[in-house]
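A quick write-up on the structure given underneath.
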Amino acid sequence: MLLTTKFLRPTTDARAVRRDRLSTRLAPGGSKRLNLVIAPAGYGKTTLVSQWCAQSSLHDAWLSLDEHDDDPRRFWQYVLGAFEHAGLPDMPACRKQLTRQDGSDLTPVMTALLNTLERDGGHWCLVLDDYHFVGNADIHRQLAWFLDYLPPGVLITLVSRTEPPLPLARWRVRRWVEDIHPGLLAFSEGECRQFFRDTMGRDISEADASALWRKTEGWVAAMQLSALSGGDRISGDSAAVANIDERQISDYVLTEVLQQQPSRLADFLLQTACCPRLTASLCDTLRGRDDSQEILEELLRQNLFLIPLDTRNEWFRYHDLFRDALVQRLRHTAPARAESLWRQTVTWLLEHGHVQDAIAQIVRQQDWPWLARVLAEHGNNLIHAGFHLPVLDWLEALPAHLVNDSPRLQMVRIWGLFFANRVDSIEPRLVALEDLLDRRVADSHPDAEGALGLHSELALIRSYLARTRNDDKRVSDLTRQVLEEIDHTQIPLKSVTYYGLGLDYYGRGELRKAEEVLRSAVHYGQVERKPSTALSSGGLLAWIQYNRGDTDLALDTCTQVRRWVDQHYSDPSQPRLISCWQNSTLTEIYRERNEPTLAHNHLAPLLEHVTRGTEPGQHVIIQYVRGHLAFSEGRLQEATEALEDALLTGRRRRDHIVFEPPASAALLARCLLAIGMPEKAAACLDDVHDDELTNPLNREQHRISRARVCNALQQPERALDLLAELEASAGRAGHNRHLVQALLVMAEALDLMNRPAEAQNKLEQAIAMARESGFARLLAEESPRVRTLLCDLPALRAPGRWNRDVLAMLRDQEHRARQPQETVPAREAGPSPVPEEALPEPLSQREQEVLALIHQGLANKDIARAMAVAPATVKAHIRNLYGKLGVGRRTEALARARALGLL
C-alpha cells in the first residue's frame with residue numbers, strides 16, 4: 001500500500017506571488033535534464049515548483065518525500081507510484097519487475113521505467129520534493145545512473161534544503177542542470193510588497209515593505225510570520241521592522257532547523273551565533289577546535305542560512321534573523337556562556353584588525369568603558385581610513401565624562417570634526433584640550449608623557465586650520481615644529497604632515513617639491529596604516545603628473561596605491577574607500593584616453609559627495625572634472641553649468657580651500673567658444689588676472705585659452721605672442737600636455753595668417769608629442785579648423801593604431817558637431833540604473849563596472865589593469881555577474897544586459 005497523498009501536487013494559492021522570472025528558468029530547454037531548487041526552510045521552494053507545474057504543459061509526476069523514504073526499494077516504489085498516479089501507461093509491468101528483485105541491485109527496475117518513458121514519448125517532469133530526507137548513498141548512486149540515461153523530453157526537478165551528493169559538476173559542464181539557489185529564491189523588494197498586499201491582505205506602506213524586505217532579506221517564511229503576528233499593526237505608518245515577532249521566528253528556526261541537525265552541527269551553530277561574520281580561525285578560537293573550516297563548508301552545502309562573503313569560502317555570515325534566533329536560544333539556555341563567547345569574539349576581532357565589527361558589537365551591548373578604550377587606541381586610524389562620521393557618532397554615544405577625562409578621545413573627536421569639514425567647531429575644543437594637557441603636565445599626572453606627545457598632534461591640526469585661512473607663515477612655523485618633534489612622538493604623524501606639505505608646495509606652484517614630499521606621504525601612509533592619507537597623497541601626486549603630461553606615470557601611481565589599499569583594507573561589508581584626488585585623476589586619464597565608460601565609473605561616486613555637500617576644494621575639483629568630461633562628450637550645456645558652479649564656489653569659498661583650485665575659467669571659456677560666444681569667453685578670462693595664479697599649470701591653461709579666444713576673434717598675431725614664451729617654458733618644465741595644446745593653437749593662428757607650411761610643422765610637432773605621451777582626446781577638443789587641419793595631415797594618415805584611433809575620433813567629433821546641440825544625447829554619469837524588478841539581486845557598483853568593460857571587449861587581464869585589481873578578483877566579479885544575470889558566457893551576459901537596459 002502506497003500513501004497516495006504523497007503524489008498530490010500542493011494546490012497553488014491564487015493569491016500567491018507569481019514568480020515568472022524563476023518559472024522561466026525551470027522550463028525545459030536545450031540539453032537540460034535536471035532542475036535543482038536548493039534553499040533553506042521557508043524560502044518558497046515547493047510553492048515555486050508547484051506554480052510552475054500548474055502552468056507547464058509537461059505531464060508532472062509529483063512525489064513528496066519524508067524520512068521513511070530513505071530506503072532504495074521504498075524510494076523506487078514511490079517513484080513508480082508517482083508516475084502511475086500521473087497517468088504513465090504500462091506501469092504495472094515496472095512494479096512487477098520491482099517485486100522480482102530480491103537484492104540491492106535495482107537496475108532492472110530503473111531500466112524498465114526508462115524504457116516505458118521512451119515508448120511513451122511524452123514530455124514528463126518528475127518532481128522529488130524534500131529530497132534532503134534522502135541520505136542513503138545507494139539511492140543517490142541509482143538516481144545518478146537513472147538521470148544519465150533519461151530519454152529526451154523527460155526532466156527531473158529536485159527540491160531540497162541541501163545540495164545532494166550527485167555528479168553535479170559533470171552534469172553542469174554538459175549543461176544538464178539549472179540551479180535555483182537561495183539568492184534567486186529570495187523575494188525582491190517588489191515581490192515583497194506584492195506578497196503583503198495580495199497574499200497576506202495587508203495594506204502596508206512602501207516604506208514598511210522596504211524595511212521588512214531588508215530585515216528579512218527576502219526570506220518569505222519570516223515575512224509571513226511578521227504579517228501573521230503583526231495583525232492590524234503592520235499597516236499605515238507603523239514601524240514595520242519592530243512588528244516582526246522575533247519569538248515566532250525563533251520558534252520556527254528551532255523546530256524547522258536547529259532540532260533537525262545532529263548535535264555536532266547544532267552546537268557549532270549556537271557557539272558561533274555571536275559572530276557578526278564567520279571565518280575558520282575565529283570559530284576555532286571560540287570552540288577550542290581546529291575543524292571549523294570543514295563544518296562551515298558542510299553548513300554551506302546544507303544551505304543552513306550561511307551566506308558566503310567572498311569567492312574563496314573564507315568569510316561567511318548567518319542570515320540576520322536566523323542568527324538572532326540562535327543568540328536568543330543561547331542566552332536563554334546558557335547566559336554566562338553567551339557572555340563569554342561574545343567577549344571572546346570582540347577580542348578576536350580587535351586583535352585581527354576588524355575594528356569596525358568589534359565596535360559595532362560593543363555598541364550593541366552598550367559596554368561604554370570598553371568602547372572608550374577601543375576608540376582611544378584605534379580612533380585615529382579609523383578616521384584616516386575614511387570612517388570619521390561613524391567615529392563621531394560613537395563618541396557621541398559615550399557618556400560625557402569618559403570623553404572629557406580623556407585627552408586622547410578629545411583629540412580623536414577633533415580629527416573627526418576636521419575630516420567632516422566642521423572646522424568652525426574645532427578651535428574652542430583645541431583650547432580646552434590644551435588647557436587640560438597643561439594641567440596634567442603641571443600636576444605630574446600619570447599620563448603626563450602622553451599629554452606631551454599630543455602637543456605635536458595639536459600643532460599638526462593647527463597647521464591644517466591655518467591652511468584654510470591662507471596663513472602661510474603660521475603654516476610654515478607649525479609644520480616645522482611638527483617635523484622637529486615627529487620622531488619623538490608616540491603618534492604616527494609623518495604621512496599627514498607630508499601630505500600637508502605637498503598641498504603647500506602644490507598651492508605655491510613648486511611642483512617638483514610637491515611630488516617629492518607626496519611620495520613620502522604615500523610611503524608613510526602605508527607604513528602608518530593610514531589608507532585615506534595614502535590615497536589622497538597618491539591621488540594628488542597623480543593629478544600633478546597627469547596635468548604635467550605624464551599620463552602613464554599618473555595611472556601607474558593610482559594603480560599602485562589602489563592595489564595597496566584594496567589588499568589591506570578591502571572589506572565586503574564596508575563601502576569602498578575612495579579619494580577625490582585619485583578618482584578625479586582617473587576620470588581625467590580615461591577621458592583623455594577616450595574611454596568614457598571608465599571615466600564615468602570613476603566620476604560617479606564623486607557626484608554623491610557634491611549632492612550631499614563636501615569640502616569646497618573637493619567640490620571645485622569634482623565639478624571641474626565633471627565639466628571637462630561633459631565638454632569632451634559634446635554636452636556643452638551641462639559642462640557650462642558644472643564649470644560655472646566650480647568657478648563660483650572657488651571664488652566664494654577661496655579662503656577655505658587649502659590649494660589653488662583648477663583653472664575652471666579657462667575650461668569654461670572653451671565651452672563658450674564651442675557654443676559660439678567668443679566675446680563672453682574673453683570676458684570670462686578677463687575676470688582672472690595672471691598674478692592671481694601661483695600654480696604654473698593654471699597659468700598655462702589660462703594663457704592657452706586666451707590664445708584660443710584670440711583666434712576665434714580673428715587676432716592670430718596676438719595668439720602667437722601669447723604662446724611664444726609659453727612654448728619655451730612649458731617645454732623646459734616638461735608640461736607636455738600644455739605644450740601639445742599650445743602647438744595646436746599656434747598652428748591654427750599660423751593657418752589664419754596663411755602660413756600653411758609653418759602651421760603643418762607645428763601640427764607635426766604636436767602629433768609626435770601626443771603620440772609619445774598617449775594623448776588622444778585633447779586633439780578632438782580643439783576648434784573645427786584645427787580638427788580639419790589634423791584630418792588632412794599626412795603624418796596622421798601613416799599606418800598605426802594610434803593614428804587610426806585619433807582619425808576615427810576626429811571624424812566622430814565632426815559628425816557630432818554637425819548635429820544641432822539639442823540633439824546631442826545627454827548622458828548621465830555612472831552606470832545605467834538597473835530596473836527594480838529586472839534582476840533577482842541588483843548588480844553592485846563593481847559588477848556594473850566589469851559589465852561595462854566586457855562591453856568594451858576587454859579581456860580579463862585588461863579589466864584587472866583598468867580596475868587596478870588582481871585578475872582573480874575580476875574572475876570573482878564575473879562569476880557573480882553571470883549568476884545574477886542567469887547566464888554562462890560573455891555573449892549571453894551582454895545580450896541579457898541589453899535586454900534589461902543595462903547597456
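Since we're looking at a predicted model, the values are computed, not measured.
- Side chain of R33 to main chain of L147: a donor-acceptor pair is present (N/O by atom type, distance under 3.5 Å, no hydrogens or angles).
- Of the candidates D290, D291, T285, R287 forms a side chain to side chain donor-acceptor pair (under 3.5 Å) with just one, namely D291.
- Here the side chain of S31 pairs a donor or acceptor atom with the backbone of R175 at under 3.5 angstrom.
- The closest side-chain donor-acceptor pair between Y318 and T272 falls under 3.5 angstrom.
- The pair K6-D69 counts as a salt bridge, with a side-chain nitrogen and a carboxylate oxygen less than 4.0 angstrom apart.
- E297 and Q293 share a donor-acceptor pair across their side chains, judged by distance under 3.5 Å alone.
- The main-chain N or O of W348 is found under 3.5 Å from a side-chain atom of H352 such that the two form a donor-acceptor pair.
- Between the S292 side chain and the D284 main chain, a donor and an acceptor come within less than 3.5 Å of each other.
- Taking a cutoff of 4.0 Å between a charged side-chain nitrogen and a carboxylate oxygen, R74 and D70 do not qualify as a salt bridge.
- Interatomic distance, D60 CG to F7 CZ, rounded to the nearest 0.5 Å: 13.5 Å.
- The CG atom of L278 sits 9.0 Å away from the CG atom of L286 when rounded to the nearest 0.5 Å.
- Judged by distance alone, the side chain of R323 and the main-chain N or O of C275 form a donor-acceptor pair under 3.5 Å.
- Between the T333 side chain and the R329 main chain, a donor and an acceptor come within less than 3.5 Å of each other.
- A distance of 11.5 Å separates CD1 in I156 from CG in L36, rounded to the nearest 0.5 Å.
- At least one donor-acceptor pair closer than 3.5 Å links the side chain of R21 to the backbone N or O of L184.
- The ring of H85 has its center no closer than 6.0 angstrom to the ring center of W62.
- Checking T46 against D129 by side-chain atom types alone, a donor-acceptor pair falls below 3.5 Å.
- H140 places no side-chain N or O within donor-acceptor distance of the main-chain N or O of P165, the cut-off being under 3.5 Å.
- Under the 4.0 Å criterion applied to side-chain N and carboxylate O atoms, R73 and D71 are not assigned as salt-bridge partners.
- For the pair R174 and W171, the cation-pi criterion (under 6.0 Å, within 45° of the ring axis) is not fulfilled.
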For this session: Verify salt bridge (Lys or Arg N to Asp or Glu O under 4.0 Å) between R25 and D20, making sure each step is shown before the conclusion.
Result: CA-CA 9 Å; R25 299 175 74 108; D20 294 336; over 6 Å; no
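- R95 places no side-chain N or O within 3.5 Å of a backbone atom of E84 that could act as its donor or acceptor partner.
- The backbone N or O of C274 sits nowhere less than 3.5 Å from a side-chain atom of T345 that would complete a donor-acceptor pair.
- Note that CG of N136 is 8.0 Å distant from CZ of R141, once rounded to the nearest 0.5 Å.
- Residues forming a ring pair (Phe, Tyr, Trp, His ring centres under 6.0 Å) with F83 (at least two apart in sequence, or on another chain): W124.
- Heavy atoms of other residues, nucleotides or ligands lying less than 6.0 angstrom from CZ of R289 number 12 at most.
- With respect to the salt-bridge test (charged N to carboxylate O, under 4.0 angstrom), the residues R172 and D179 qualify.
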